[in-house]
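Report on one structure; see the data block that follows.
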There are 2 protein chains.
Amino acid sequence: MESETVVRALSALAQEHRLALFRLLVQAGPEGLAAGAIAEALGVPASSLSFHLAQLNNAGLIAQRRDGRSLIYSADYGAMTALLGFLMENCCGGAVCVPAAPCNTKDTTERTAA
Amino acid sequence: MESETVVRALSALAQEHRLALFRLLVQAGPEGLAAGAIAEALGVPASSLSFHLAQLNNAGLIAQRRDGRSLIYSADYGAMTALLGFLMENCCGGAVCVPAAPCNTKDTTERTAA
DNA sequence: TCCATATTTCGACAATTATCGAATCACGGA
DNA sequence: TCCGTGATTCGATAATTGTCGAAATATGGA
């Protein structure tokens with residue numbers, strides 16, 4: 001995982017609305033939520049939400065799929081796992097002290113084993 | 001751990017120089033590094049570095065102590081652990097799937113067990 | 001085809017952030 | 001006390017980010 005990728009992911013999460021949004025999706029599970037439902041849950045105007053969704057999507061933290069007229073967003077657990085792994089990777093002088101795979105979800109992306 | 005605290009911590013890490021700086025301190029261990037040594041290692045002007053150190057310090061991610069004329073900075077493993085714990089806390093529908101205590105270091109601050 | 005709905009893109013503006021030289025502060029040694 | 005060094009604060013500037021209404025795009029149904 002590259003440093004630039006990590007910075008983008010951290011930047012994406014480093015904002016009240018987006019942090020709340022991401023956590024909402026994490027809790028919603030793989031089924032995800034429609035953009036409209038998220039906007040209502042967070043009390044954010046649609047255009048603002050769209051901006052934040054784009055940020056998270058660009059950072060690779062969430063996935064997008066279409067269902068009829070709705071766009072469904074869901075958290076990418078694999079990306080989150082990779083991020084946490086990176087942050088821990090040099091903890092205690094280079095030894096990974098915790099298995100960097102918190103959840104037994106089928107990762108949608110690479111696992112960055114190296 | 002409050003959402004605002006988390007955002008501040010993530011914001012602090014969401015910057016190339018600060019991410020590199022924090023990781024440098026994490027690798028340096030509890031002994032830490034003097035500001036000057038960090039500036040040289042990262043190739044950043046002293047005043048710029050001071051700004052970034054203040055950000056990380058304000059976010060509670062690093063600790064500061066004085067040794068003669070030098071100010072020594074070191075990573076706060078407890079804060080990092082708390083942050084990772086928060087990010088995982090609602091993973092998989094509310095169950096913490098990994099013990100949120102990656103390292104066997106004596107935490108310098110509170111452990112936020114709750 | 002035409003309309004209604006779901007969502008994004010555009011555009012303009014306010015607010016925050018990063019940068020870094022110069023000035024200032026803090027400490028130790030002579 | 002006075003000087004030198006390590007580090008921070010100040011101040012000005014450039015760049016990035018967040019906000020949200022209005023307009024545009026995409027899709028399904030009549």
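Each chain gets a letter, A, B and so on, in the order the sequences are listed, and its residues count up from 1.
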For the pair made of CZ in R8(B) and P in dT17(C), what is the distance, rounded to whole Å?
-> 11 Å

Per nearest nucleotide of DNA chain D, the residue lying toward the 5' end, Q64(B) or Q55(A), is Q64(B)

Give a yes/no answer on whether the side chain of Q15(B) brings an N or O atom under 4.0 Å of OP1 or OP2 in dT19(C).
-> yes

Base, sugar-phosphate, or nothing: which does S70(A) touch, judged by heavy atoms less than 4.0 Å apart?
-> sugar-phosphate

Mind calculating the distance between CG (L10(B)) and P (dT16(C)) to the nearest angstrom?
-> 19 Å

Short side-chain N/O contact to dA7(D) OP1/OP2 from R66(B), under 4.0 Å = no

Roughly, in whole Å, what's the span from CD1 in I72(A) to P in dT27(D)?
-> 14 Å

Nearest listed nucleotide, side chain of L53(A), among dT8(C), dG18(D), dA7(D) = dT8(C)

Within this structure, what is the CD-to-C1' distance between E40(A) and dT7(C), rounded to whole angstrom?
-> 15 Å

With sugar-phosphate meaning primed atoms plus P, OP1 and OP2, does A54(A) contact a base, only sugar-phosphate, or nothing at under 4.0 Å between heavy atoms?
-> nothing

Check whether any side-chain N or O of R8(B) sits under 3.5 Å from a backbone N or O of A59(B) as a donor-acceptor pair, and report yes or no.
-> no

Would you say dT8(C) has OP1 or OP2 under 4.0 Å from some side-chain N or O of Y73(A)?
-> yes

For dG29(D), does either OP1 or OP2 sit under 4.0 Å from a side-chain N or O belonging to R69(A)?
-> no

Could you tell me whether the phosphate oxygens of dT19(C), OP1 or OP2, come under 4.0 Å of any side-chain nitrogen or oxygen in S48(B)?
-> no

Please determine, for the side chain of S47(B), which listed nucleotide (dC20(D), dT8(C), dG21(C)) has the closest atom?
-> dG21(C)

Gap between atoms CZ and C1', on R65(B) and dA7(D) respectively (whole Å) | 16 Å

I38(B) has an atom CD1; how far is it from atom C1' of dG6(D), in whole Å?
-> 13 Å

Take A34(B) and D67(A), find for each the nucleotide of DNA chain D with the closest heavy atom, and name the residue whose nucleotide sits nearer the 5' end.
-> A34(B)

For A35(B), answer base if it contacts any base atom (sugar-phosphate contacts may also be present), sugar-phosphate if it contacts only those atoms, and nothing otherwise; contact means non-hydrogen atoms under 4.0 Å.
-> sugar-phosphate

Pi-cation contact, Y73(A) with R65(A) (under 6.0 Å, within 45°) | no

What's the closest nucleotide to the P45(A) side chain, out of dC20(D), dC20(C), dT8(C)?
-> dC20(D)

Does a donor on one side chain and an acceptor on the other come within less than 3.5 Å for E16(A) and S3(B)?
-> yes

Measuring from L25(B):CG to D76(B):CG, what's the distance to the nearest 0.5 Å?
-> 11.0 Å

Looking at dG4(D), dG18(D), dT8(C), which one has an atom nearest to any side-chain atom of H52(A)?
-> dG18(D)

Rounded to whole angstroms, how far apart are CZ on F51(B) and P on dA18(C)?
-> 5 Å

S48(A) side chain to V44(A) main-chain N or O, any donor-acceptor pair under 3.5 Å?
-> no

Is a side-chain N or O of E2(A) found less than 3.5 angstrom from the main chain of T5(A), in a donor-acceptor match?
-> no

Length of the line joining L21(B):CG and dA18(C):P, which is rounded to integer Å | 13 Å

